[in-house]
2 protein chains.
Amino acid sequence: MKITYKGDYALKAMLELALRYEENSDSIIPINEIVKFGDMPKKFLEQILLTLVRAGFVKSKRGSGGGFYLARSPKDITIGEVIRLIEGPIEPIACVKEGYHGCADVRTCILRNVWQEVAQGISVVVDTITFQDLVGRYKAKTRSSSYEYII
Amino acid sequence: MKITYKGDYALKAMLELALRYEENSDSIIPINEIVKFGDMPKKFLEQILLTLVRAGFVKSKRGSGGGFYLARSPKDITIGEVIRLIEGPIEPIACVKEGYHGCADVRTCILRNVWQEVAQGISVVVDTITFQDLVGRYKAKTRSSSYEYII
DNA sequence: TATAATATGACTAAGTTAATCATATTAGTC
DNA sequence: GACTAATATGATTAACTTAGTCATATTATA
Ligand code: FES
Ligand code: FES
């Protein structure tokens, strides 16, 4: 029932890329700008971005003037996809792990059913929110928070 | 997004106690029977039961003829309470941890909102299922699975 | 008093998390 | 073409968490 920093950083990085994608879908974002946006350790973020690249969410360009950018439109990527990539399955089940045989009789295991219901509850949220949605929420928030400053 | 063995074992132990509570609310269950029910390491289970005792879900009786039993009726204990005790808060949020200052401006942090929605999705499941419910489900399952054997 | 049980704290091995370090590679710029 | 600014990638590591074990104390009953 927890998200690791790795997942947190991955989502923030994707959000930054999505924000920039909205501005200009061709722009390439150097890692330093992503670091700045999310206040993340650069070297750790490199690893995470590499994972995102290999999974096909992000593309990278090497060399001077290089950086990262979204491989697909933010509206076609849900946060659930990224969470699953980084954190593994959302099912909070222990018994599927290697070397654990679970209940003597799986058919009588009601906990597994509970975990399935929990997973569904999580899925309803994370599999319906796209990064475009996040961008929208972000903009709404920053706008209203600017008002607060002014007023 | 995961349950540890500790949580898994705690729920199984509570379920066994709830099953026995239904039979006879005064009966005291020695730890060995709980171990047998859930196929759990005895010494580890002792730790877990101690936690459950201290939290007031379970009572223990020492000495020969001793063991464990539910402190309250199974219908008054939700699995969410036990999960929170063992696993901590259900919110899958990383930034509340010690020493992590989170986003520069918390008001613009939309991830926190997402985690709150996820927590709500989980809560709807785990905070509505009591151990009495689990007992009911368990009995229904074992009944139908017995049929399968007979047929 | 012997025995069967839980209570409790200390300890530990293995795995995971959150990084860092070192080095290679690539693509522009001068 | 050399230099430089960037990512790519693998190896390594410190800290923490998990999943236990070990040793011992305490208690209640027979
Ligand atoms: S806990 Fe997984 S089969 Fe029962
Ligand atoms: S990630 Fe928690 S305040 Fe933004």
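In what follows, chains are A, B, ... by sequence order, proteins preceding strands, each numbered from 1.
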For residues 19-29 of chain A, run the donor-acceptor check on the side chains, cut-off 3.5 Å, and write out each pair with its distance to 0.1 Å, sequence neighbours left out.
from: A:Arg20; atom 1: NH1; to: A:Glu16; atom 2: OE2; distance (Å): 3.2
from: A:Arg20; atom 1: NH1; to: A:Glu33; atom 2: OE1; distance (Å): 2.7
from: A:Arg20; atom 1: NH2; to: A:Glu33; atom 2: OE1; distance (Å): 3.0
from: A:Glu22; atom 1: OE1; to: A:Lys139; atom 2: NZ; distance (Å): 3.1
from: A:Asn24; atom 1: OD1; to: A:Asp26; atom 2: N; distance (Å): 2.9
from: A:Ser27; atom 1: OG; to: A:Asn24; atom 2: O; distance (Å): 3.1

- Note on the structure: note: B:Lys2, atom NZ; C:dT16, atom P; distance rounded to Å ~ 7 Å
- Task: First locate atom CG of B:Leu52, then atom CD of B:Glu81, and finally report the distance between them rounded to the nearest 0.5 Å.
- Result: 11.5 Å
- So side-chain hydrogen bond (donor to acceptor under 3.5 Å, both in side chains) across residues 123-132 of chain B, not counting sequence neighbours, yields B:Arg84-B:Asp127, B:Ser123-B:Asp127, B:Thr130-B:Asp133
- Item | Flag side-chain contact, heavy atom, 4.5 Å: B:Leu17 against B:Ile34 | yes
- Between B:Ala13 and B:Leu49, which heavy-atom pair has the shortest distance, and what is it? CB-CD2, 4.4 Å
- Message: Without decimals, in angstroms, what is the distance between A:Lys59 NZ and D:dA8 C1'?
- Response: 17 Å
- Item | A:Leu134 CG to B:Ile110 CD1 distance, which is reported to the nearest 0.5 Å | 4.0 Å
- Task: Report the distance from atom CD1 of A:Ile48 to atom C1' of C:dA18, rounded to the nearest whole Å.
- Result: 9 Å
- Task: Can you spot which of B:Met40, B:Lys12, B:Met14, B:Lys6 makes a side chain to side chain contact (heavy atoms under 4.5 Å, CB included) with B:Ile48?
- Result: B:Lys6
- Item | Distance in angstrom units between B:Leu49 CG and D:dG20 P, rounded | 14 Å
- Note on the structure: In numerical order, the residues of residues 61-70 of chain B whose heavy atoms come under 4.0 Å of DNA chain D are B:Lys61, B:Arg62, B:Gly63, B:Ser64
Restricting both atoms to N or O, compile the protein contacts to nucleotides 10-16 of chain D shorter than 3.5 Å, with distance only.
from: D:dA11; atom 1: N6; to: A:Gln47; atom 2: NE2; distance (Å): 3.4

- Atom CE of B:Met40 and atom C1' of D:dT21: how far apart are they, to the nearest Å? 17 Å
- Item | Short side-chain N/O contact to C:dT16 OP1/OP2 from A:Thr4, under 4.0 Å | no
- Residue pairs passing the side-chain hydrogen bond (donor to acceptor under 3.5 Å, both in side chains) test with at least one member in residues 50-63 of chain B, sequence neighbours excluded, are none
- Item | Between P of C:dT16 and CD1 of A:Ile3, the distance in whole Å | 17 Å
- Let me know the distance between CZ of A:Phe44 and C1' of C:dC21, rounded to the nearest Å. 15 Å
- Message: Below 4.0 angstrom, which residues in residues 20-34 of chain A have at least one non-hydrogen atom near DNA chain D?
- Response: A:Pro30, A:Ile31
- Query: Closest heavy-atom contact between B:Ala10 and B:Val82?
  - Reply: CB-CG1, 4.1 Å
- Taken to the nearest whole Å, NZ/B:Lys42 to P/D:dC22 is 13 Å
- Message: Once rounded to the nearest 0.5 Å, what's the spacing between atom CD1 of A:Ile90 and atom CH2 of A:Trp115?
- Response: 13.5 Å
- Query: Within less than 4.0 Å of OP1 or OP2 of C:dA18, is there a side-chain N or O belonging to A:Tyr9?
  - Reply: no
- Working to the nearest 0.5 Å, report the span between CD of A:Glu87 and CD1 of A:Ile3. 4.0 Å
